[in-house]
2 protein chains.
Amino acid sequence: MTETETPGFRPLYQQVRDLLRQRISTGHWRPDEALPSESRLAAELKVSQGTVRKALDDLAAQNLVVRRQGRGTFVAAHSADRSLFHFFRLVGDDGERKLPSSRMLDCRRGMAGAAEAARLELAPGALVLRIDRLRLIRDQPAIIERIVVPQALFPGLDGPDHRPLPNTLYDLYQREYGVTIGRAAEQLKAVGASPEDAELLHLRTGAPLLEIDRLALDLDGRPVEWRLSRCVTEHLHYAAELA
Amino acid sequence: MTETETPGFRPLYQQVRDLLRQRISTGHWRPDEALPSESRLAAELKVSQGTVRKALDDLAAQNLVVRRQGRGTFVAAHSADRSLFHFFRLVGDDGERKLPSSRMLDCRRGMAGAAEAARLELAPGALVLRIDRLRLIRDQPAIIERIVVPQALFPGLDGPDHRPLPNTLYDLYQREYGVTIGRAAEQLKAVGASPEDAELLHLRTGAPLLEIDRLALDLDGRPVEWRLSRCVTEHLHYAAELA
DNA sequence: GAGTGGTCTAGACCACAGC
DNA sequence: CTGTGGTCTAGACCACTCG
């Protein structure tokens, strides 16, 4: 734990942070599990407690870890709550967060098309799983979503064990496959409803829909899921904070 | 600088942070001006340098201050660049950031309507300034925006000095009126183009538009500007990062 | 070289959770 | 009571900027 050449200088706490990040992302500690205490880690790594503290604070700032005074430091877990709160930004116009229910439309494997392979960084012809769902808010059809994931990452996701799939997938990815979604990039557009959209959503063709194109990445920045949603924003909006 | 009763306990560094924040938001130090060094502040406030450091790091995390190693700590300024980078999330589908030009459509004072007074937290009947602009990207009409600000905050903004208004307003608010936009909340919807929208944007009535409803707040969280934009997202998208 | 922020350490004490 | 994270201090040294 001592590398202090001036060219290629890298602060100690960053080395510690990256080491801990690696241990977390490889499952050395499981979600919701407590890490060793600051003093234990300091002793193990032969650095001062302050250095460990700074590393852990960094990880906490990236939501990789949760610190609780008097209890310990825990690997962040994707509860259904957190999935919703963090990755579902559609809010009712009255300010209430609506959690939608899901109706599976289709779920099948196939070879990745050019666009899918590009977004998910797959070799051409790799297998993917495509899930089409209709999502209802207060029993009204509100969102159509197409989810594409690499088949190799989630074997058995389309098997009989997983009918029906749960409402929030990210905690399932984490719990059952050890894949933690770390961040996501969304691209929003306004589009007109296709005839198929229109029928499923009880609208007229060409009605304005909010299209959300999301690419979700794991903790190491590898693309894991591509999701394309079309939303009726009659009584909903997408909320964003600019800070 | 010593208050350590257990009920109502408040960490020292937070007290320092809030004091510094206050000095910044009241203009005691101007944008782009350097703050006193850590050691000077520590001496002045009779706390240790580490405590000042933690306070300043907090302010830097909130983009209120910029720290530059070897040079000093500076009050964050809204350059046109930063305004764009931070508060303009529309990106070309090729990934390039397009900066739009503006064509003023209308600019006049009036009494705040119910919705305007509510959003801007004004007394009913207070005066507001309404600015309508058409924004062009590569000379193509792309966005219609209606900006509403309290007249009292920006006297003379509609005067002859400010025709034409600059492309980015936030740096002008800061430079000329001492009003710094600290954060903004946006609500996005898909809507159909009204006949007026359609004419200005060269579209058919009912064409899908991305509507961005933004409320911008100053450093103390007071609402300062309400902006309603309708965007053609044919070759554009709104980019959001979920982390 | 002088001054600034950035890192690292060591130690003391405080607030909080749980036994 | 013990152990945890959170705060505060004091001091040493490093990397960077500028004159």
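Letters go in sequence order (proteins before strands), and every chain restarts at 1.
Nearest approach of A/Pro223 to A/Leu217, heavy atoms of both residues: CA-CD2, 3.5 Å. Considering all non-hydrogen atoms of both residues, B/Glu96 and B/Asp94 come closest at N-OD1, 3.0 Å.
Atoms CD (B/Gln14) and P (D/dT7) sit 7 Å apart, rounded to a whole Å. Atoms CZ (A/Arg68) and C1' (C/dC16) sit 13 Å apart, rounded to a whole Å. In this structure, the CZ atom of B/Phe9 is 8 Å from the P atom of C/dC16, given to the nearest Å. Computed from coordinates, the B/Leu45 CG to D/dC8 P distance equals 13 Å when rounded to whole Å. For A/Arg67 and D/dT7, the CZ to C1' distance is 13 Å, given to the nearest whole Å.
Qualifying side chain to side chain donor-acceptor pair (under 3.5 Å) partners for A/Asn167, counting only residues two or more places apart in sequence or in other chains: A/Ser102, A/Arg135. Qualifying side chain to side chain donor-acceptor pair (under 3.5 Å) partners for A/Asp139, counting only residues two or more places apart in sequence or in other chains: none.
Within residues 56-65 of chain B, no residue has any heavy atom under 4.0 Å from DNA chain C.
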Would you tabulate the nitrogen or oxygen pairs shorter than 3.5 Å linking the protein to nucleotides 9-13 of chain C?
{"unit_1": "C/dT9", "atom_1": "OP2", "unit_2": "A/Ser48", "atom_2": "N", "d": "2.9"}
{"unit_1": "C/dT9", "atom_1": "OP2", "unit_2": "A/Ser48", "atom_2": "OG", "d": "3.0"}
{"unit_1": "C/dT9", "atom_1": "OP2", "unit_2": "A/Thr51", "atom_2": "OG1", "d": "2.4"}

Protein-nucleic acid N or O pairs under 3.5 Å, nucleotides 17-19 of chain C:
{"unit_1": "C/dG18", "atom_1": "OP1", "unit_2": "A/Arg71", "atom_2": "NE", "d": "3.4"}

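For A/Arg214 (side chain) and A/Phe87 (main-chain N/O), a donor-acceptor pair under 3.5 Å exists by modelled atom type.
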- Begin from the C-alpha positions of B/Asp57 and B/Arg67 and carry the test salt bridge (charged side-chain N to carboxylate O under 4.0 Å, His left out) through to its verdict. CA-CA 8 Å; B/Asp57 283 344; B/Arg67 319 201 69 186; 2.7 Å; yes

- Message: Run the salt bridge (charged side-chain N to carboxylate O under 4.0 Å, His left out) test on A/Asp213 and A/Arg119 for me, step by step, so that the C-alpha distance in whole Å, both residues' side-chain angles and the decisive distance to 0.1 Å come before the verdict.
- Response: CA-CA 11 Å; A/Asp213 176 321; A/Arg119 297 301 297 275; 3.1 Å; yes

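In this structure, the nucleotide among D/dA15, D/dT4, C/dG6 sitting nearest to the side chain of B/Glu38 is C/dG6. Relative to the side chain of A/Arg40, the nucleotides D/dC8, D/dT4, C/dC8 differ in distance, and D/dT4 lies closest.
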Pair up each side-chain donor or acceptor in residues 22-32 of chain B with any protein partner under 3.5 Å, not counting sequence neighbours, and list the distances.
{"unit_1": "B/Arg23", "atom_1": "NH2", "unit_2": "B/Glu44", "atom_2": "OE2", "d": "2.9"}
{"unit_1": "B/Thr26", "atom_1": "OG1", "unit_2": "B/Gln22", "atom_2": "O", "d": "3.0"}
{"unit_1": "B/Thr26", "atom_1": "OG1", "unit_2": "B/Arg23", "atom_2": "O", "d": "3.3"}

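Taking side-chain N and O atoms only, A/Thr73 has a distance below 4.0 Å to OP1 or OP2 of D/dG5. For the pair B/Lys54 and D/dC8, the criterion of a side-chain N or O lying under 4.0 Å from OP1 or OP2 is not met.
A distance of 4.5 Å separates CG of A/Leu90 from CZ of A/Phe88, quoted to the nearest 0.5 Å.
Of the charged side-chain nitrogens involved, at least one lies within less than 4.0 Å of a carboxylate oxygen, so that A/Lys189 and B/Asp93 count as a salt-bridged pair.
Stacking of B/Arg68 on the aromatic ring of B/Phe74 is recorded, both the 6.0 Å distance cut-off and the 45° axial limit being met.
Using a 4.0 Å heavy-atom criterion, one finds that A/Arg53 contacts the bases of the nucleic acid, with or without backbone contacts as well.
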